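Treat the numbers as computed from the prediction; the structure is a model and nothing was measured. Start at 1 with the first residue, then count along the sequence. Any value given below was found using the heavy atoms of this structure, including those in side chains, with hydrogens, waters and symmetry copies removed.
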Amino acid sequence: MKLFYTLALAIFALFADVTPALAQEIFLGVAAHEVDTPLSFKIYEEGVDFQAGYRGKRIEALSVIGAPSPYIFASINSAGDTSLVAAGLSWKIGNKFYVRPGIGLAIHDGPALRFAPDGSQTQLGSRILFEPELAIGVQLSKRIDIEASWVHVSHAQIFNRNQNPGLDIIGARLVIKLP
């Protein structure tokens with residue numbers, strides 16, 4: 001667990017130190033951990049997640065796919081259950097009101113093996129997971145947005161055909177645009 005937090009801090013420190021001119025916005029959030037949705041199965045975790053992240057400026061060189069913005073964020077679980085660090089690309093569609101779909105990869109610190117009360121396995125099946133996400137936001141001022149966010153992590157049975165419960169995290173984020 002200490003190694004995971006050290007890795008998360010190192011990634012944030014490297015990102016903050018190397019690319020401050022590229023950061024477009026930062027966000028802070030709180031989210032419900034392990035929300036029951038049709039995309040996941042119960043893995044018996046608790047707590048809330050605290051999120052912090054950066055989003056960079058649009059990558060115009062990728063205009064053929066809509067000039068997405070790179071992002072990196074950490075989601076730390078209050079109960080000591082699965083925490084993660086994710087990075088990927090997201091697209092902001094709209095201005096005052098917007099949607100922001102994204103896709104990335106996440107690395108998590110959940111257990112390698114865990115069993116539910118019925119004896120079924122509930123670990124996430126792979127240390128590295130796909131991380132699709134979706135935010136719906138509203139601009140409150142020139143520099144502040146509020147977003148409702150959904151983050152899903154799963155490996156889509158690519159890395160393990162027998163194990164793929166997935167994990168859904170739903171919450172709210174305060175987005176601060178940098179000058």
Side-chain angles (χ1 to χ4, degrees), residues 1 3-5 7-12 14-15 24-27 29-56 58-59 61-62 64-77 79 81-93 98-114 116 120-137 147-173 175:
M1 184 76 104
L3 177 61
F4 178 80
Y5 292 124
L7 177 62
L9 288 173
I11 289 170
F12 275 120
L14 178 64
F15 191 84
Q24 178 178 338
E25 57 192 27
I26 59 171
F27 61 86
V30 63
H33 185 83
E34 193 194 351
V35 176
D36 187 18
T37 73
L39 298 174
S40 61
F41 299 110
K42 187 141 185 72
I43 60 172
Y44 300 95
E45 293 194 344
E46 299 177 351
V48 298
D49 287 5
F50 299 100
Q51 298 177 349
Y54 287 102
R55 287 191 191 116
R58 295 176 59 182
I59 304 170
L62 296 178
V64 69
I65 60 168
S69 299
Y71 67 85
I72 183 169
F73 80 96
S75 185
I76 308 299
N77 182 264
D81 285 328
T82 301
S83 295
L84 60 95
V85 174
L89 298 173
S90 70
W91 292 258
K92 186 175 182 182
I93 303 165
Y98 61 89
V99 295
R100 185 185 277 280
I103 185 72
L105 292 174
I107 184 168
H108 70 91
D109 68 350
L113 185 63
R114 174 179 48 211
S120 63
Q121 293 185 29
T122 63
Q123 71 272 7
L124 293 171
S126 173
R127 188 64 53 209
I128 297 172
L129 302 170
F130 295 107
E131 183 267 332
E133 63 175 62
L134 180 66
I136 299 171
E147 295 178 346
S149 67
W150 165 73
V151 173
H152 176 78
V153 290
S154 169
H155 62 75
Q157 293 186 330
I158 291 173
F159 302 120
N160 181 334
R161 291 179 185 226
N162 299 321
Q163 186 61 36
N164 187 38
L167 174 64
D168 285 304
I169 302 166
I170 296 177
R173 294 175 175 166
V175 180

Look only at the side chain of [X] and the backbone of [Y], and say whether a donor-acceptor pair between them is shorter than 3.5 Å.
X	Y	answer
Ser75	Gln51	no
Asp168	Asp36	no
Arg58	Gly66	yes
Gln123	Arg114	yes

Can you tell me how far [atom2] of [Y] sits from [atom1] of [X], rounded to the nearest 0.5 angstrom?
X	Y	atom1	atom2	result
Glu133	Glu147	CD	CD	8.5 Å
Arg55	Glu25	CZ	CD	5.0 Å
Leu129	Leu84	CG	CG	8.0 Å
Ser69	Lys92	OG	NZ	9.0 Å
Tyr54	Ile26	OH	CD1	6.5 Å
Ile107	Ile128	CD1	CD1	5.5 Å

Quick check: closest heavy atoms across [X] and [Y], and the distance to 0.1 Å?
X	Y	value
Tyr71	Gly102	OH-C, 4.3 Å
His152	Gly166	CE1-CA, 4.1 Å
Ser40	Val35	OG-O, 3.6 Å
Ala106	Glu131	CB-CB, 4.1 Å
Ser83	Ile76	OG-CA, 3.4 Å

Would you mind reporting whether [Y] and [X] have side-chain heavy atoms less than 4.5 Å apart?
X	Y	value
Val151	Asp49	no
Pro101	Ile93	yes
Val30	Phe50	yes
Phe130	Leu105	yes

Discussion item. Between Arg100 and Ser90, is there a side-chain donor-acceptor contact under 3.5 Å, judged purely by atom types and distance?
Written reply: yes
Item to complete: Is it possible for you to check whether Arg173 lies under 6.0 Å from the centre of the six-membered ring of Phe73, through NZ or CZ, and within 45° of that ring's axis?
Response: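 Satisfied, under 6.0 Å and within 45°.
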Item to complete: Identify the residue among Glu45, Glu34, His108, His33 that makes a side chain to side chain donor-acceptor pair (under 3.5 Å) with Thr82.
Response: Glu45
